[in-house]
Colleague: 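Can you read through this structure? Questions will come right after.
So you know, we letter chains A, B, ... as the sequences are listed, proteins then strands, and number each from 1. When reading the values below, keep in mind they use all heavy atoms of this one structure, side chains included, and skip hydrogens, waters and symmetry mates.
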Amino acid sequence: MLKSEIIGELENWYAENKRPLPWRSNPEPYRVWLAEIVFQQTRIQQGMGHYLRILERFPNVEALAQAHEDEVLKLWEGLGYYSRGRNLLKAAKIISTLGEFPTSATEWQKLPGVGPYTSAAISSVVNNEKIALVDGNVSRVLARVFLIDDDIRSSKTQKELQHLAQKIIDQTDQPGNINQALMELGALICSPKKPKCPVCPINNHCELLLHKEDPNKFPYKSPPPPKTQRDFHWLWASESNYLLLKKRNESDIWQGLFELPSLQNPKKKYPAAKIIHKGTHILSHQRIQYYIWDIKKWESIPQEFKAFALNEELPALPRPLQKFFEN
DNA sequence: GTCCGGAAGT
DNA sequence: ACTTCCGGAC
């Protein structure tokens with residue numbers, strides 16, 4: 001059932017069609033690790049600018065290990081999932097202390113921010129380890145090629161896909177290339193919508209095509225949990241020439257980023273306050289209505305806040321605030 | 001409005 | 001095993 005020609009087709013297709021990405025031409029552990037962290041949950045186009053800026057500012061793990069978290073988060077600003085940036089720094093300090101990079105997926109996975117996917121991706125590419133990875137692209141490719149109609153979100157299905165992927169990787173002496181080929185195929189050909197089946201290198205092995213099924217219906221994904229709704233009321237005093245910002249520390253979104261002072265009901269303390277900007281910010285799990293109030297003048301300066309001149313570089317801000325202060 | 005994508009906390 | 005963490009493309 002698992003035809004070996006598939007491997008050869010994938011190897012050839014990948015050699016001819018892979019995108020020329022910076023860590024592919026020079027797959028040092030540092031560059032591959034950084035790429036895998038930046039591009040978790042992130043499209044290449046969206047994260048490439050961030051990746052290049054981080055690599056330029058911190059050309060190696062020793063340079064990164066000495067960074068301050070605020071600077072890493074500033075470089076991460078706008079990418080989302082900020083625990084990736086915080087864990088990147090933690091892991092850099094660990095690697096720097098060890099004096100060398102891990103050399104197996106098991107060792108890589110001990111680092112913060114490195115899970116099953118990332119450890120397999122790095123070790124198969126850097127160390128030629130025969131270890132399979134299953135990311136969103138690979139899930140979709142395998143579900144279509146092998147006509148798997150189970151819920152792609154369930155951990156049971158993910159386990160089965162992991163097993164299936166490992167059977168493929170066991171048959172190749174180029175695990176890094178086959179892992180990347182499956183991901184690249186999912187990104188370039190076997191896309192979520194309108195897959196380019198006519199030019200797919202393994203279309204004659206694809207169960208979905210052989211059964212004349214509709215690719216848009218695979219894989220099946222159960223609906224996500226409902227979003228929680230919340231409001232943010234941020235305060236800004238137009239008559240002062242600085243901004244008050246405080247680091248977000250709680251176990252909540254945007255941890256480590258800075259934000260304006262907030263009040264549940266600004267009108268109570270500042271009856272003359274006016275909303276100068278409002279918007280909706282959507283996360284996968286929250287729907288945020290946010291309001292920025294002009295209170296003209298501070299009644300009293302909240303102690304825990306730091307003042308930043310408006311013309312100096314601001315620390316990392318949540319995306320809605322970053323967009324607001326861009327203008 | 002719709003969809004997409006890994007790790008960690010619990 | 002389930003929930004919480006982001007932002008952008010379409």
Colleague: Does Arg53(A) pair with Glu56(A) as a salt bridge, N-O distance under 4.0 Å?
Modeller: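 Looking at Arg53(A) and Glu56(A), the cut-off is not met.
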Colleague: In terms of the nearest nucleotide of DNA chain C, which residue is placed more toward the 5' end: Lys193(A) or Ser155(A)?
Modeller: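 The 5'-side residue here is Ser155(A).
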Colleague: How would you label the contact of Lys221(A) with the nucleic acid (heavy atoms, under 4.0 Å): base, sugar-phosphate, or nothing?
Modeller: sugar-phosphate
Colleague: Decide yes or no, distance alone: a donor-acceptor N/O pair under 3.5 angstrom between the base of dC6(C) and the side-chain of Ser284(A).
Modeller: yes
Colleague: Between atom CG in Leu88(A) and atom C1' in dA8(B), what is the gap in whole Å?
Modeller: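 For the pair Leu88(A) CG and dA8(B) C1', the rounded distance is 16 Å.
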Colleague: Ignoring backbone atoms, test whether Arg153(A) places a side-chain nitrogen or oxygen under 4.0 Å from the OP1 or OP2 oxygen of dA1(C).
Modeller: no
Colleague: Under the 6.0 Å and 45° cation-pi test, does Lys278(A) pair with Tyr291(A)?
Modeller: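 Ring-cation test returns no.
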Colleague: Below the 4.0 Å mark, does dG7(C) have OP1 or OP2 next to a side-chain nitrogen or oxygen of Trp254(A)?
Modeller: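 Checking dG7(C) against Trp254(A), a side-chain N or O does come within under 4.0 Å of OP1 or OP2.
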Colleague: In whole angstrom, give the distance that lies between atom CG of Leu79(A) and atom C1' of dG6(B).
Modeller: 14 Å
Colleague: Taking only side-chain N and O atoms of Lys194(A), does any of them lie within less than 4.0 angstrom of OP1 or OP2 on dC10(C)?
Modeller: no
Colleague: Send over the distance from His281(A) NE2 to dG1(B) P, rounded to a whole Å.
Modeller: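 That distance rounds to 15 Å.
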Colleague: Would the base of dC5(C) count as contacting Arg84(A) through its side chain, where contact means a donor and an acceptor less than 3.5 Å apart?
Modeller: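 Result: no qualifying N/O pair found.
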Colleague: Touch check for Arg287(A), heavy atoms < 4.0 angstrom, all strands: base, sugar-phosphate only, or nothing?
Modeller: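 Sugar-phosphate contact only - Arg287(A) comes under 4.0 Å of backbone atoms but never of a base.
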Colleague: Tell me: CD of Glu250(A) to P of dT4(C), nearest whole Å?
Modeller: 16 Å
Colleague: May I ask you to say whether Lys296(A) pairs ionically with Glu239(A), meaning some side-chain N is under 4.0 Å from a carboxylate O?
Modeller: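 Glu239(A) and Lys296(A): not salt-bridged.
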Colleague: Select base, sugar-phosphate, or nothing to describe what Gln45(A) touches, counting heavy atoms under 4.0 Å on all strands.
Modeller: nothing
Colleague: Examine dA9(C): is either OP1 or OP2 under 4.0 Å from a nitrogen or oxygen in the side chain of Gln46(A)? Give yes or no.
Modeller: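 False: Gln46(A) side-chain N/O out of range (4.0 Å or more) of dA9(C) OP1/OP2.
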Colleague: Just how far, in rounded Å, is P of dC6(C) from CD of Gln255(A)?
Modeller: 8 Å
Colleague: Go nucleotide by nucleotide along DNA chain B from the 5' end; which of Gly115(A) and Pro224(A) gets its closest nucleotide reached first?
Modeller: Pro224(A)
Colleague: Mind checking if Ile253(A) touches a base, just sugar-phosphate, or nothing, with heavy atoms under 4.0 Å?
Modeller: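 The residue Ile253(A) makes sugar-phosphate contact but no base contact.
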Colleague: Under 4.0 Å, heavy atoms only, any strand: does Ser154(A) hit a base, just the sugar-phosphate, or nothing?
Modeller: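 Nothing: the residue Ser154(A), judged by heavy atoms under 4.0 Å, touches no strand.
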Colleague: Quick one: are Val138(A) and Asn179(A) in side-chain contact, heavy atoms under 4.5 Å?
Modeller: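 With C-beta onward as the side chain, the pair stays apart.
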Colleague: Have a look at Thr42(A) and say if it touches a base, only the backbone sugar-phosphate, or nothing, with a 4.0 Å heavy-atom cut-off.
Modeller: nothing
Colleague: Distance check needed: dG6(B) P versus Gln109(A) CD, whole Å only.
Modeller: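 Going from CD in Gln109(A) over to P in dG6(B) covers 15 Å.
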Colleague: Out of dG5(B), dC4(B), dG7(C), which nucleotide sits closest to the side chain of Tyr81(A)?
Modeller: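 Of the candidates, dG5(B) comes closest.
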Colleague: Report yes or no: do Leu73(A) and Phe325(A) belong to one cluster of Ile/Leu/Val/Met/Phe/Trp/Tyr joined by side chain heavy-atom distances under 4.5 Å?
Modeller: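 Shared cluster, yes.
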Colleague: If only side-chain N and O atoms of Arg319(A) are considered, is one of them under 4.0 Å from the OP1 or OP2 phosphate oxygen of dG8(C)?
Modeller: yes
Colleague: Drop me the distance from Ile288(A)'s CD1 to Lys227(A)'s NZ, to the nearest 0.5 angstrom.
Modeller: 10.5 Å
Colleague: Name the closest nucleotide to the Tyr117(A) side chain, picking from dA7(B), dA1(C), dC6(C).
Modeller: dA7(B)
Colleague: Specify the separation, in whole Å, of atom CD of Gln158(A) and atom C1' of dA1(C).
Modeller: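 For the pair Gln158(A) CD and dA1(C) C1', the rounded distance is 13 Å.
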Colleague: What is the distance from NE2 of His285(A) to P of dG6(B), rounded to the nearest Å?
Modeller: 17 Å
Colleague: Closest nucleotide of DNA chain B for Pro112(A) versus for Gln41(A): which of these residues is on the 5' side?
Modeller: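 In this pair, the answer is Gln41(A).
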Colleague: Starting at the 5' end of DNA chain C, which residue's closest nucleotide do you reach first, Leu317(A) or Lys156(A)?
Modeller: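 Between the two, 5'-proximity favours Lys156(A).
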Colleague: Tell me the closest heavy-atom pair linking Pro27(A) and Val126(A), and the distance in Å.
Modeller: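 Heavy-atom minimum between the residues: O-CG2, 4.1 Å.
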